[in-house]
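Here the structure is laid out as C-alpha cells; the discussion comes afterwards.
What you see is a predicted model; the values in this text were computed from it and never measured. The sequence lines fix the lettering, A, B, ..., with proteins before strands; numbering per chain opens at 1.
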Amino acid sequence: MTEKVRVRYAPSPTGFPHVGNIRTALFNWLFARHHKGSFIVRIENTDVARTVEGAVEAILGGLRWLGMDWDEGPDVGGDYGPYFQSERLKLYQAAAKQLVEQGDAYYCYCTPERLDEMRAEQIRLKQPPGYDRHCRQISATNNVLKLISGSRRVIRFRTPMEKQTTFTDYIRGEVTFENAKIDDFILLKSGGYPTYHLASIVDDHLMQISHILRAEEWLSSTPRHLMLYKALGYKLPQFVHLPMLLGADRSKLSKRHGAVSITEYQTQGYLPEAMMNFLALLGWSLDDKTEIISRKDLIDNFSLKRVSQTAAIFNREKLDWMNGVYIRNLSSGDLTRRVIPFLERELPPEVKRPISVEYVEKIIPLIQERIKKLEEVAGLTDFFFTGELDYQPDLLIVKKMNRELAGKALETSLLKLRRLPAFDEESLETMLRPLAEELELKTGQLFGTLRVAVTGRAVAPPLFQTMIALGKERCISRIKRAIAILKEMPEETDSE
RNA sequence: GGCGCAUUCGUCUAGCGGCCUAGGACACCGCCCUCUCAAGGCGGAGAUCACCGGUUCGAAUCCGGUAUGCGCUACCA
C-alpha cells in the first residue's frame, strides 16, 4: 500500500447499531490499524424523517465499548470536518449544482404521487420499476418558470443510456453493469438534503478516503457512484464489498433474530474482547485453525486477502463458547471488577449495597469456569448474599435417601462441624469424607444433602469451597434450618 | 420481473490443479475425571465440496450452464 490508508465507518443514525454494522466498522478499523492509517467516523444523518433519538450515542458507545478508537469524527474532530453530514449540506448542494450546470444532472418536478402511480403501473405491466425520465428534457426557460411558481424539485442524475460500467471490487473481482438498467436517481432531495449516493461520494472525496469497505448490499449501487466520480472528476477509491451478516434463517439480520444491537450484548455480559474476536472471525480468518486471537494479533494479521466472499450467519452458540473462554482467562481481580456492576443490577433488592468487592473476589473463582455471560453470575451466586434460603424441602432428600437418613446426615455433620477447629478445605475434606462412610452413604449423597442445606439448590459450585466462602456461622445456621425443615415434612416423603 | 453477488459438515471456516479417502472450531453424542454443575482430556458421528456438463493424465479448486439463496431495484441508508 503506497498511499496512506484512510477508511471510514459511516453509520446512519436511523436505528441502533446492529452487529452486522459493527462488524463492518471492525473491518475498517482493523484495516486502518494494520496499515497505520486513519479510521474516520462520519455520521450520515441525511434522512431526517427516520432519524432515531439516541442512535448516534449508541453507535459511538458501541465502538468505544469494543475499543475501536477513531482518529477523526464526532468528539475528536479532525482536519476534514464537520463529520456530521447534516452540517455539510452546502457542499452537496454545490456539487449537485455543478452537475446540473455541466449537464450531468437535471431538475425534476415530479410529485411523489406521480412517482407512486408510475411505479404501480410499471409493476402491473411487469416492467422493471424505475424513474421514467419524465423531466429529463425540461428546458432552461421552463426551469425558471417552475422555480418562480414555487414548485418543489429534486435534482436527478442524468444517467448515460448506453454502454456499461465496470469496476474491480477487491473481494469480488470485476463486476459489470449495463448503464441502461440504471435509472436517473436522485442526488438532492426537495428539502435540500442529499441522498446517500451524492453525500458519500462528495465526502469520501473531500475526506480523501482511500478504501471503501462496506457491506455487500452496496455493490449494486456502485456503478452509480462510479458515474458520479467520473462526472465530478474525482479520483477513484478502492472498493471493497464485505460479505453480509445473516440471521439463523439466512435472511438479513433483524429484530426477530433476538439480540441484534451491540448494546444488548454489552448488557448481557459479553466481554468486548470476546465480541471483537468473534466478529472478526465472521468473514475473515487467520488460518485453518486459530480461533482465539488477541486484539493485537488481529491488528497485526488482518488482511483483506483473507476476507471471505460468502455471507455468514451470526452463531450465538459459538459466541457464548468464546465468551466463556475469555472469562476463564481473566484474573479473578479483573473478573470481579467486571462482575460487580452486574451484581449491583441483578441481585435481589434486599441485598445491601454496595456489594463488597472483597467478598465477590472470594466467590469469583467458584463460578469463573461455570459462566458464559456476566449476567449469569447473580443467578448462580445469590445464595452467597441473601439471608434466608427459599427452596423446595424435598430437594434435601437426595437420590436413594429418605427423610430420616437426610436428617441424620445433617445432624451428624452439624455436630462435627461445630467441633471443627479450623474451617478450611483440608479440614472439611478430612472430616466429611470419612463421615460419609461412617453413615454408609455415598459421598454424593452426603455432599448433595449438605449442598442443598447450605446453598438451597442441587447444583452449585464445589461444596467445601462454597462453605468456606459462606463462613462457618452461616453454614451452621443453614444446616440447622434444613434440619427443622425436614422435621416439618410429611413422613412418607422418600426419594427414588 | 430485471440486474448483481454468492454456493465446502446444522453453523463459522481451511482449501487457491495432485499434500483431500476434504482439515479446524462451535453445537451434538459417548467415555474418562468427579461431591452436583461446569471446566478439562480422549473418542465418535457429521460435507457424494448445490447440480449438470466441459478443460486436464488429474478438479472442491479452472470454464460454461442450471438451480437455490441473498442483495439492489425509495425524495432509506
Please figure out whether A:Pro461 or A:Arg172 has its closest RNA chain B nucleotide nearer the 5' end. A:Arg172
Please confirm whether the ring centroid of A:Trp218 lies under 6.0 Å from the ring centroid of A:Tyr196. yes
Distance, P atom - from B:C32 to B:C16, rounded to whole angstrom: 40 Å
B:C20 pairs with, by Watson-Crick or G-U criteria that keep both distances under 3.5 Å: none
Side chain of A:Trp321, heavy atoms from C-beta onward: which of B:G24, B:C26, B:C5 has the nearest atom to it? B:C26
Among B:C26, B:C75, B:U36, the one nearest A:Ser190 by side-chain distance: B:C75
If the threshold is 4.0 Å, N to carboxylate O, is there a salt bridge linking A:Glu291 and A:Lys318? yes
B:G44 versus B:C26 - spacing of their P atoms, nearest Å: 15 Å
Between P of B:C75 and OH of A:Tyr131, the distance in whole Å: 10 Å
Rounding to an integer number of angstrom, what distance separates B:U13 and B:A6 when you compare their C1' atoms? 16 Å
How far does the C1' atom of B:C5 sit from the matching atom of B:A27, given to the nearest Å? 29 Å
What contact category does A:Ser220 fall into here, base, sugar-phosphate, or nothing, at under 4.0 angstrom with non-hydrogen atoms? base
Whole-Å distance, A:His18 NE2 to B:C76 P, equals 19 Å
Check this one for me: any side-chain N or O of A:Arg328 less than 4.0 Å away from OP1 or OP2 of B:G40? yes
Using the P atom as the point on both nucleotides, what is the distance between B:A60 and B:U8, in whole Å? 15 Å
Using OP1 and OP2 only, check whether a side-chain N or O of A:Ser221 sits under 4.0 Å from B:A77. no
Measure from the side-chain heavy atoms of A:Leu463 and tell me the nearest of B:C35, B:C12, B:A74. B:C35
Residue A:Arg119, side-chain atoms from C-beta onward, closest of B:U36, B:C75, B:G71: B:C75
Across all strands shown, which nucleotide pairs with B:C26 by Watson-Crick or G-U wobble geometry, both distances under 3.5 Å? B:G10
Are A:Lys189 and B:C76 close enough that a side-chain N or O sits under 4.0 Å from OP1 or OP2? yes
Phosphate contact (B:U36 OP1 or OP2) by A:Arg457 side-chain N/O below 4.0 Å: no
Do you know which of A:Phe314, A:Trp284, A:Tyr265, A:Tyr270 makes ring pair (Phe, Tyr, Trp, His ring centres under 6.0 Å) with A:Phe278? A:Phe314
Just to be sure I understand the rule, does A:Thr290 reach a base, reach only the sugar-phosphate, or reach nothing, if contact means heavy atoms closer than 4.0 Å? nothing
At under 4.0 Å, does any side-chain N or O of A:Lys305 touch on OP1 or OP2 of B:C16? no
Given RNA chain B, 5'-ward residue of the pair A:Asp183 and A:Pro128, judged by closest heavy atom: A:Pro128
Identity of whatever pairs with B:C3 - Watson-Crick or G-U, under 3.5 angstrom: B:G71
Taking CZ from A:Arg214 and P from B:C76, how many angstroms apart are they, rounded to a whole number? 18 Å
Side chain of A:Gln127, base of B:G1: donor and acceptor closer than 3.5 Å? no
Please pick, from B:G2, B:U11, B:C5, the nucleotide with the shortest atom-to-atom distance to any side-chain atom of A:Lys181. B:G2
Residue-phosphate contact under 4.0 Å: A:Ser285 side-chain N/O, B:A14 OP1/OP2: yes
Would you mind reading off the distance between A:His241 atom NE2 and B:C72 atom C1', rounded to a whole angstrom? 11 Å
Touch class at under 4.0 angstrom, heavy-atom based, for A:Phe177 against every strand present: sugar-phosphate
With respect to the side chain of A:Thr310, which nucleotide from B:U7, B:A14, B:G24 is positioned closest? B:U7
Which nucleotide in the set B:A38, B:C75, B:C26 lies at the smallest distance from any side-chain heavy atom of A:Lys318? B:C26
Does this structure show an ion pair linking A:Asp132 with A:Arg114, if we count only N-O contacts that are shorter than 4.0 Å? yes
May I have the distance from A:Phe167 (atom CZ) to B:G4 (atom P), rounded to whole angstrom? 11 Å
May I ask you to verify if any side-chain N or O of A:Arg50 is less than 4.0 angstrom from the OP1 or OP2 atom of B:C75? no
Between CZ of A:Phe16 and P of B:A77 the distance, given in whole Å, is 19 Å
What distance, rounded to whole Å, do you find between the two P atoms, one in B:A77 and one in B:U61? 41 Å
In terms of side-chain geometry, is the basic nitrogen of A:Glu346 or A:Lys373 positioned less than 4.0 Å from the acidic oxygen of its partner? no
So A:Met322, base contact, sugar-phosphate only, or nothing? Heavy-atom distance under 4.0 Å. nothing
Using the P atom as the reference point in each nucleotide, state the distance between B:A47 and B:G53 in Å, no decimals. 22 Å
The side chain of A:Leu219 lies closest to which of these nucleotides: B:G4, B:C35, B:A14? B:G4
A:Ile182 CD1 - B:C72 P separation (whole Å): 16 Å
Please give, in whole Å, the distance from B:C76 P to A:Phe185 CZ? 14 Å
Among B:U13, B:A25, B:A77, which is the nearest nucleotide to the side chain of A:Ser308? B:U13
Indicate whether OP1 or OP2 belonging to B:G10 is found under 4.0 Å from a side-chain N or O atom of A:Arg316. no
Residues A:Glu121, A:Arg124: salt bridge by 4.0 Å N-O rule: yes
In whole angstrom, give me the gap between the P atoms of B:C62 and B:A14. 14 Å
Does a salt bridge link A:Asp184 with A:Arg133, judged by any charged N lying under 4.0 Å from a carboxylate O? yes
Quick note, A:Pro129 side chain, CB onward, closest among B:A74, B:C35, B:U11 is B:A74
Touch class at under 4.0 angstrom, heavy-atom based, for A:Arg250 against every strand present: sugar-phosphate
Within the structure shown, what part of the strands sits under 4.0 Å from A:Glu291 by heavy-atom distance: base, sugar-phosphate, or nothing? base
Examine B:C12: is either OP1 or OP2 under 4.0 Å from a nitrogen or oxygen in the side chain of A:Lys289? Give yes or no. no
Between A:Tyr193 and A:Tyr92, is the ring centroid distance below 6.0 Å? no
Taking all non-hydrogen atoms of both residues into account, name the closest pair between A:Ala231 and A:Asp104 and its distance. CB-OD2, 3.6 Å
